[in-house]
Colleague: 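What follows is a single structure, and I will ask about it in a moment.
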Amino acid sequence: FANSNISPGAGMYPPVAKLNLAADPRKMRRIIAEDPEWSLTVVPLLSNLCLQHIVRNFEEKPILEELLPRHKDYVLERLSPSLPLQVTANLISDDGYWKRCCKQRWGLCDVSSYGHSWKRMFFERHLENIIELYIPDATDPKTVLGMVPLCRNYVKRLDISQLMPPIKEPQKSEDDDNSDSASDMGMDGPSMDHFDFGILLDKLNHLEEFHVVYRVKGCGMNFEWNLFEFTFRDCESLAKALKSCKTLKVLRIHQSKVDDEKCRQLVNNLLDHPSLRELNLSHNLIGDRGARAIGKLLNRSKLERLTVYDNNIRGPGAQAIAYALAKNSSLLSLNLRLNRLGDEGGQAIAQALLKNRTLKWLHLGGNEMTEPTATVLSQVLVQNNTLRSINLSCNRLGMDGGKVLEEGMCHNSSMVECDIRLTEVGQESDYCISQVVRNNQNQAHRKHNTEENLAQTSEHY
Amino acid sequence: MSQAGNLREDTEEAGPSVDSENPEERIAARRLRIAARSEAKKRQELGDDSREKKEIKEEARKSQHQVEQSEKRMIKLQSDGTELVTNIQVAADSRESRRQTEVEEAHRLRVEKLENEAKSSLEKFEEITRKWTVAKMKEIPQDLRDSLSSQQQLCALLIEDKNKLIHELQKEMKLSDDRYVKDLKKQAEDVDLMIERMEDQVKFLMGSYRDELDQIENSFEHERKILLTGNRKKWEQYTKERRDKELENVTQRMKRVEEYEVLLQQLRTEDTEEYNMIKIKLDTDVQILEQQLQQMKATYQLNQEKLEYNFQVLKKRDEENTITKSQQKRKITRLQDVVNNLKIKCANQEKQSREENQNLTDDYTRIMQQYKHMQKKMRHFAAIDAKKFEEVWLMNEEEVKALVEKALDTDRLVHEQQLGLAWQRPSLAFMERCGPLQPHRQTQKTAHQAISELLQLGQTSGLGKGKYQEAGVGPGAESPGLAVEVYDSGAGLESGSSEVEREREGSEGEHSGTVSVKIVKKLLELLCDEAGFLIESKLLKLLSPLEKDEQSLMKLDSIFTAMGIESEEDVYKLADFFMKYRHTQGEQTQDVSAKWGVASPQAERGEFTSSCSPPSDLIHPNDVLVALRAFTAQHCRPRELAASHQHSMLGLGGRDDTEDAAYWEAMGDVIPEAKLKIWGALEAALDKYHIVLTERSKFITDTQSLKQQNTELRMLLHQYVNSRVNAELEIPPNLVMQLAPEGTN
């Protein structure tokens with residue numbers, strides 16, 4: 001049957017048929033079940049031929065928008081993911097194509113963290129890759145700048161997980177004192193500077209989140225301290241770049257040895273930033289002066305979340321932050337975990353909370369606080385009813401502190417979470433507090449439910 | 001349910017009890033109790049409210065309760081799980097903070113140590129430096145050596161201290177390295193543990209979620225079952241009730257049907273009877289109506305046919321009408337075109353004709369000028385011709401007279417010489433005359449003159465003819481402008497003919513005698529009054545300052561010119577006509593009025609009555625106009641003829657040549673016929689005599705010529721004979737000559 005079907009075609013178009021038959025053994029089969037587009041017709045449709053041609057020559061002559069929707073799908077399905085981005089970036093908006101691109105390039109992908117946009121994911125990761133592999137003085141900045149017009153409409157978040165230092169003979173000074181080394185590095189000149197974000201950030205006009213870590217991943221046995229330097233010049237350029245990026249909402253600088261000076265530099269440039277909502281400077285070396293700067297920033301911006309855990313903030317720094325917090329009306333969340341506030345700082349913060357009416361989430365875990373702080377906090381618990389969650393874990397509050405807290409907690413109806421693990425509080429007070437918290441949770445839940453019901457009923461009627 | 005119960009027991013067991021020693025706990029327990037009570041109350045109220053809605057609501061609430069409980073449980077489980085997981089983190093945190101404090105402490109100690117060490121070493125160093133100065137002071141080599149060695153020892157001590165410190169620090173570092181590695185390991189373990197716990201939690205949560213879901217489903221299922229059974233029971237009950245009712249209904253219906261059937265039968269019989277009656281009645285009615293219908297149909301048919309016929313006719317007519325209409329329309333359009341064309345043409349024609357008219361008027365004026373010119377010329381030529389004629393005449397006359405004289409002379413000569421008779425000269429009267437014969441003509445008296453004469457007659461009834469001539473000159477001298485205006489072109493002619501007219505006066509006077517002068521005068525006055533409309537208004541103005549008679553004269557004059565009356569004869573004719581008219585009027589008034597007064601019969605009637613009443617001998621003023629019209633109608637033709645006659649006279653130059661022939665004849669007849677006969681005979685005799693005489697003269701001349709010839713010939717002969725040649729000749733010419741005359745003779 002197949003032969004009889006093909007032979008007339010072969011008679012009519014001998015060269016084509018022969019070529020096809022010779023080239024493709026599939027032609028000899030009658031049915032190919034796994035190919036949904038398989039058909040016995042020897043000569044494909046002209047439209048298909050045209051579309052195939054378009055696909056083949058897409059790089060030279062991209063025709064897409066003029067096509068019918070059906071044909072467009074056909075072409076998009078067949079376009080090679082390795083086409084140059086200059087052609088595809090602004091032309092193709094179809095997620096299917098970008099999904100293929102992503103899968104081909106990285107294999108494992110989680111699109112949910114990219115707003116379910118494969119295109120955004122592709123461009124963000126592509127740009128991150130370029131920046132992470134950028135070696136100052138060795139790589140041409142044009143490789144980065146060339147990407148800007150292609151990806152600036154799609155990049156909303158940059159998560160830079162490493163930054164390469166310039167290739168140089170290893171520095172001999174492996175100082176142990178951080179501040180010293182930082183200043184030394186600053187003195188050393190431009191040799192240790194990383195990628196300058198100033199050339200990039202002001203051009204990405206959709207950038208909202210920016211995460212950066214000044215370190216080198218996977219250095220293994222080639223470890224050197226200077227691979228993990230955040231030089232003063234880096235800080236300067238980064239601060240300027242951040243100032244120029246007006247759309248930025250979230251800034252995170254992790255594990256980058258940000259000390260007081262750099263923190264002040266950064267904060268100076270972030271003052272009055274029009275859109276910044278969240279600042280995360282965790283795992284750095286910020287001390288009291290840096291904390292003071294952050295306190296200044298609190299009332300000169302619209303910050304809602306401030307995260308500075310695992311730093312070196314002590315009492316005075318905490319007092320500065322508390323002073324700002326007392327007057328602040330925008331901050332919702334404050335995380336001061338693993339600092340060195342002590343009772344001095346803790347009391348200051350608690351006192352500030354007596355005045356503050358916006359903060360909802362507070363983490364003071366691991367701050368060497370003791371009973372005095374707890375007494376003030378119990379007052380806070382009685383008076384403040386905006387605070388929803390407080391974490392006091394890993395503080396030596398002691399039995400008395402726990403009792404005081406329990407007392408305060410009894411008069412509170414807004415607290416939904418209260419973490420007092422490893423605080424050496426007595427079991428009874430722990431239990432009481434958890435009971436109150438549970439009650440509050442139930443109430444909040446009920447409230448939420450009734451609100452939902454109300455909303456539903458109002459929708460119904 | 002059992003689980004929920006368990007949970008409650010748990011809470012009761014674990015919750016704060018009122019009997020607790022802790023006052024806060026007691027307070028909390030009381031609070032809880034109050035809360036529980038209020039909740040229960042609330043529930044009861046809700047239940048009261050919903051009791052009306054029976055079990056369904058309660059059952060639904062059971063399931064809801066189940067859902068709430070499972071939700072609570074799940075939340076608790078979740079929070080427990082997260083606590084379990086975060087416990088690790090918290091532990092790590094606390095470790096970290098402890099480490100930090102330891103590190104800090106170590107750091108502090110280290111710094112202290114280092115400071116102490118630095119101090120001590122500084123002291124030592126100072127000692128050493130001090131000793132250097134001491135050593136410098138020493139001069140003995142051994143002391144120097146000792147001191148140097150002590151120095152060395154001290155330095156070694158210092159270095160040892162330092163080394164010790166370094167060693168310690170290195171040890172510490174190693175320790176911290178170890179610790180770091182341990183920490184790393186611990187962290188890795190923690191992470192592993194966390195992952196493990198998380199996985200466990202996930203599994204556990206999934207399981208419990210599934211359980212809860214099953215329970216919720218079960219509760220819902222249970223509820224549904226209960227509902228279903230309840231509804232089914234109800235349904236069955238209702239169906240049973242319905243069945244009973246239906247049965248009852250059926251039996252009732254049967255009964256009723258039977259009743260109705262009986263009733264129906266009864267009604268049917270009654271109705272059939274009634275029906276039959278009515279049917280018969282209606283049948284008859286129907287028959288009658290059918291007949292009527294037939295009749296109506298017939299009439300209808302007839303009417304229809306008529307109407308159809310009419311309709312057809314009308315249709316035909318309509319068609320025709322439409323055809324004619326269309327034709328008319330076409331025609332109208334065509335005619336419109338034609339009209340347009342004609343209009344255009346007419347306009348053109350008008351234009352042309354106007355131009356032509358203009359041309360013609362121009363021509364006319366030109367021709368008139370030419371004509372005048374020609375007349376002038378003609379008059380000139382006439383005068384010249386007359387002169388020439390006279391001269392020619394005189395010349396011819398002279399010649400003729402000479403010839404006559406000659407003829408008479410000849411006659412006298414013939415008589416006296418040839419005949420020998422006595423000659424008497426014939427009487428020749430005409431011979432005395434000299435110049436051309438002058439014809440005698442009379443000019444007609446003009447109407448103007450006649451009128452003025454008449455008027456003057458009226459004034460001075462006894463005036464003779466001398467006055468008349470004066471009057472004839474008078475008006476002409478008085479108003480020359482008027483005379484020129486009135487007589488315009490005819491003046492010259494009139495004046496030319498005036499002489500001839502004057503000769504006839506005598507007869508005219510007799511003629512006027514037939515119509516009395518007075519009557520004429522009256523008539524003229526009438527005319528003057530009645531026909532005033534013929535006078536030009538301009539003239540009237542001019543006339544106003546004149547006397548009455550003169551006025552009337554001028555008026556009459558203008559009236560006559562308007563009417564075309566020019567000569568006196570005409571005036572008298574008019575008067576005559578009027579008189580006659582008046583005479584005939586009496587008999588034929590009606591006819592006349594009918595004839596001449598068509599335009600306004602009413603006025604005529606009035607006129608008729610008024611004209612009839614006064615028996616005066618004059619014509620009634622009202623009839624004047626009518627009479628005038630009649631007169632002009634009659635008078636027009638003869639006058640035209642006269643005019644043409646006059647013109648022919650004018651062309652001939654006004655000469656009568658009838659007597660000329662006689663005159664010339666008389667000239668020619670100076671020699672009478674008898675004399676001519678005598679003259680003829682005389683001529684004949686003389687002719688004969690003349691012939692004789694001429695023959696004689698001829699013979700004379702002949703003889704003379706012959707004589708001459710003879711002499712000549714003799715001379716020649718003599719010559720020949722006498723010549724020497726002759727002697728030599730055989731025959732001498734003498735001989736021949738002698739012979740010849742013999743022969744001839």
Side-chain angles (χ1 to χ4, degrees), chain A residues 176-177 283 309-312 314 337-342 363-369 391-396 402-411 413 416-424 426-439 441-446 448-449 453, chain B residues 11 13-17 20-32 34-36 39 42 64 67-69 71-76 78-80 82-105 107 110-111 114 169 172-173 176 180:
Chain A
D176 39 359
D177 196 335
H283 303 298
Y309 64 79
D310 195 12
N311 273 297
N312 211 7
R314 289 162 195 283
R337 182 161 73 98
L338 287 178
N339 276 297
R340 296 258 160 284
L341 299 187
H363 199 315
L364 293 171
N367 267 311
E368 296 182 335
M369 295 187 291
N391 194 331
L392 299 170
S393 56
C394 311
N395 285 308
R396 282 170 205 278
K403 272 174 190 166
V404 174
L405 270 183
E406 185 190 334
E407 211 165 318
M409 205 66 188
C410 288
H411 299 283
S413 60
V416 178
E417 269 179 60
C418 181
D419 197 337
I420 42 168
R421 280 174 289 179
L422 296 180
T423 48
E424 295 169 16
Q427 268 200 349
E428 282 178 9
S429 36
D430 188 7
Y431 179 75
C432 277
I433 287 169
S434 69
Q435 206 65 36
V436 172
V437 164
R438 201 164 290 161
N439 266 343
Q441 269 178 1
N442 283 345
Q443 267 177 15
H445 187 70
R446 208 166 292 145
H448 182 71
N449 271 355
N453 283 339
Chain B
T11 52
E13 273 173 14
S17 65
S20 172
E21 285 174 7
N22 197 340
E24 268 120 16
E25 205 179 330
R26 279 203 297 269
I27 291 164
R30 276 184 207 121
R31 272 213 187 98
L32 277 173
I34 290 162
E39 206 173 10
K42 226 185 235 173
Q64 232 167 16
V67 169
E68 264 170 31
Q69 273 180 345
E71 213 168 28
K72 262 185 209 163
R73 217 175 297 145
M74 285 322 295
I75 286 165
K76 191 172 175 286
Q78 242 169 343
S79 61
D80 285 353
T82 44
E83 208 179 314
L84 199 66
V85 173
T86 48
N87 270 340
I88 296 163
Q89 196 200 350
V90 170
D93 272 3
S94 71
R95 259 207 306 280
E96 173 65 20
S97 70
R98 216 178 302 139
R99 187 190 69 81
Q100 272 183 0
T101 48
E102 273 168 21
V103 164
E104 215 169 308
E105 189 61 35
H107 183 68
R110 206 181 301 133
V111 168
L114 278 173
L169 284 174
E172 247 176 73
M173 207 166 85
S176 64
Y180 174 68

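Scope of the values below: all heavy atoms of this structure, side chains included, with no hydrogens, waters or symmetry mates. Throughout, a chain's letter reflects where its sequence line sits, starting with A, and its residues are numbered from 1.
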Colleague: Tell me, side chain or backbone of A/Asn439 under 4.5 Å from chain B's heavy atoms, or both, or neither?
Modeller: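 Only the side chain of A/Asn439 comes within 4.5 Å of chain B.
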Colleague: Drop me the distance from A/Asn395's CG to B/Ser94's OG, to the nearest 0.5 angstrom.
Modeller: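 Interatomic distance, A/Asn395 CG to B/Ser94 OG, rounded to 0.5 Å: 10.5 Å.
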Colleague: With a 4.5 Å heavy-atom cut-off, do B/Thr101 and A/Arg340 have their side chains touching?
Modeller: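 Yes - at least one pair of side-chain heavy atoms lies under 4.5 Å apart.
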Colleague: If you measure from CG on A/Asn312 to CD on B/Glu104, what distance do you get to the nearest 0.5 Å?
Modeller: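 Here the interatomic distance stands at 7.0 Å.
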Colleague: With sequence neighbours excluded, tell me which residues meet side-chain hydrogen bond (donor to acceptor under 3.5 Å, both in side chains) with B/Asp93.
Modeller: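 Result, side-chain hydrogen bond (donor to acceptor under 3.5 Å, both in side chains) vs B/Asp93: A/Arg337.
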Colleague: Do B/Gln100 and A/Asp310 come within less than 4.5 Å of each other through their side chains, counting heavy atoms only?
Modeller: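 Side-chain contact under 4.5 Å: yes.
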Colleague: Should we say atom CZ of B/Arg110 is surrounded by more than 12 heavy atoms from elsewhere, each under 6.0 Å from it?
Modeller: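 Yes, enclosed.
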Colleague: Is atom NE2 of A/His411 surrounded by more than 12 heavy atoms (other residues, nucleotides or ligands) closer than 6.0 Å?
Modeller: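 Result for NE2/A/His411: enclosed.
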Colleague: For B/Val103, which residues count as a side-chain contact (heavy atoms from CB on, under 4.5 Å) partner, sequence neighbours excluded?
Modeller: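 If we apply the side-chain contact (heavy atoms from CB on, under 4.5 Å) test to B/Val103, skipping adjacent residues, the hits are B/Arg99.
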Colleague: Establish, from distance only, whether the side-chain atoms of A/Arg438 and B/Ser79 form a donor-acceptor pair under 3.5 Å.
Modeller: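 Result is no, nothing qualifies.
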Colleague: Heavy-atom distance under 4.5 Å to chain B: side chain of A/Glu417, backbone, both or neither?
Modeller: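 Neither; nothing under 4.5 Å.
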Colleague: Does the side chain of B/Glu71 come within less than 4.5 Å of A/His445's, by heavy atoms?
Modeller: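 Yes, at least one pair of side-chain atoms sits under 4.5 Å.
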Colleague: Could you give the distance from CD (B/Gln89) to CZ (A/Arg421), rounded to the nearest 0.5 Å?
Modeller: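 That separation rounds to 8.0 Å.
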